[in-house]
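One structure below.
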Amino acid sequence: MDDYASLESEARARIAAAGDLAALEALRLEYLGKQGSVSGLLKTLGGMAPDERQAKAPKIQALRDAVADALAERKGAMEAAELEARLAAEVLDLSLPAPEASKGSVHPVSQVMDELAEIFADMGFAVATGPEIEDDWHNFTALNMPESHPARAMHDTFYFPDIGPQGGRMLLRTHTSPVQVRTMLNHGAPVRIIAPGRVYRSDSDATHTPMFHQVEGLVIDRGIHLGHLKWTLETFLKAFFEREDIVLRLRPSYFPFTEPSVEVDVGFALDNGRRALGGSGDEPGHGWMELLGSGMVNRRVIEMSGLDPDEWQGFAFGVGVDRLAMLKYGMDDLRAFFDGDVRWLRHYGFSPFDQPTLSAGVGARV
Ligand code: PHE
């Protein structure tokens, strides 16, 4: 074995033993760098006699190529091994469940309003709205509540210093009933609307908050009678509570803006101390719960709303949206509705993708 051959086998052995890319680079410099040993041999060719150069040049060049090839080959192997290791470490298991994304949730009041809109849309009702800052005339006078009516008392109602277009004070509407008047004045008859929204009363305890939600219903047409009111409420409540066995009890009552006026109760059964709607309230262990106010729209209201009461009749009802939500979803403290605590929402399982009622079960029934 000549010097070149032993140099080559020594270089090959060291290259094979190099542990990492840095060690390999050090060997490259040692052999093929500017000061490298193989580079040094190449330089000696210049000072040789032609004969000697002719004999040695191919051997030294072959040595250089062999070392360069060995280095490149080892480098390629190292890089491939590194890639293999990384691919093995970064295994992606597509069968693992995806991490849960954080979700917001719809507030029960918004959800119930959506459900109401869906149910009533199936019965041909449109959704109407009115201002929360209302004037005295629409909130009281046009609804047949005279100056002396107790609902107008300062301690019941939030008044503004401002005077409204008809001369009375501006106020936060105490119910959604002014939307009845506004709808008849703006659109005439016939009318078939619900009007959900916020209302305000100077009231605060576990079952009353100064702001709460109502939905008003109004139907004005020719020949409308109490039977239409009863059917509409029954159909709505069965669809909303998703129970066929909802039983209503109509009780004579008084509202200045309806005549006759009817308070509507629903039957419930006591189930482990909880009220479960359904069945007649007269059965043993059952009871009646007051749910909403309603009646045939008073002639005077129809008149003040610009329509002829001998031609147009109708019914109206008003119900607490928060109360509907409490009953449907078993929530028992009204104040929690307005605390904005997401833990409370989560506790009751509200999710934007969960819409328990809506048209699915209703369309078939109506
Ligand atoms: N506005 C009444 C209230 O707030 C409810 C009602 C509406 C009663 C429509 C009769 C007709 O108590």
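Side chains included, hydrogens not; waters and symmetry mates left out as well; all remaining heavy atoms used. Position 1 is the first residue of the sequence, and the numbers go up from there. For ligands, and for the atoms within them, numbers begin at 1 and follow the listed sequence.
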Examine the side chains of Glu134 and Tyr200 and answer whether a donor and an acceptor come within less than 3.5 Å of each other.
no

Out of all atoms in ligand 1, which are within 4.0 Å of some heavy atom of [X]? Include the element for each.
| X | result |
| --- | --- |
| Gln214 | 3 (C), 4 (O) |
| Ser294 | 8 (C), 10 (C), 11 (C) |
| Ser177 | 1 (N), 7 (C) |

For atom 7 (C) of ligand 1, find the nearest protein heavy atom and state the residue, atom name and distance (0.1 Å precision).
Gly318 N, 3.3 Å

for atom 2 (C) of ligand 1, nearest protein heavy atom and its distance come out as Phe257 CZ, 3.7 Å

Identify the heavy atoms of Met331 and Phe337 that sit nearest to each other, and give their distance.
SD-CZ, 3.6 Å

By salt bridge (Lys or Arg N to Asp or Glu O under 4.0 Å), which residues pair with Asp20, not counting sequence neighbours?
none

So which of Arg201, Gln180, Arg173, Met296 gets nearest to atom 3 (C) of ligand 1, if we judge by its closest heavy atom?
Arg201

Throw together a table of side-chain donor-acceptor distances under 3.5 angstrom for residues 210-222, partners on residues two or more places apart or in other chains.
| unit_1 | atom_1 | unit_2 | atom_2 | d |
| --- | --- | --- | --- | --- |
| His213 | ND1 | Asp322 | OD1 | 2.9 |
| Gln214 | OE1 | Thr176 | N | 2.9 |
| Gln214 | OE1 | Thr176 | OG1 | 3.2 |
| Glu216 | OE1 | Thr176 | OG1 | 2.7 |
| Glu216 | OE1 | Ser177 | N | 3.3 |
| Glu216 | OE1 | Ser177 | OG | 3.3 |
| Glu216 | OE2 | Ser177 | OG | 2.7 |
| Glu216 | OE2 | Gln180 | NE2 | 2.6 |
| Arg222 | NE | Glu311 | OE2 | 3.3 |
| Arg222 | NH2 | Glu311 | OE2 | 2.4 |

With Leu292 as reference, evaluate Val264, Val262, Leu324 under the side chain to side chain contact (heavy atoms under 4.5 Å, CB included) test and give the passing residue.
Val264

Quick check on side chain to side chain contact (heavy atoms under 4.5 Å, CB included): which of Tyr159, Phe160, Phe158 does Met170 satisfy it with?
Phe160

With respect to His175, determine whether any N or O atom, backbone or side chain, lies less than 3.5 Å from an N or O atom of ligand 1.
yes

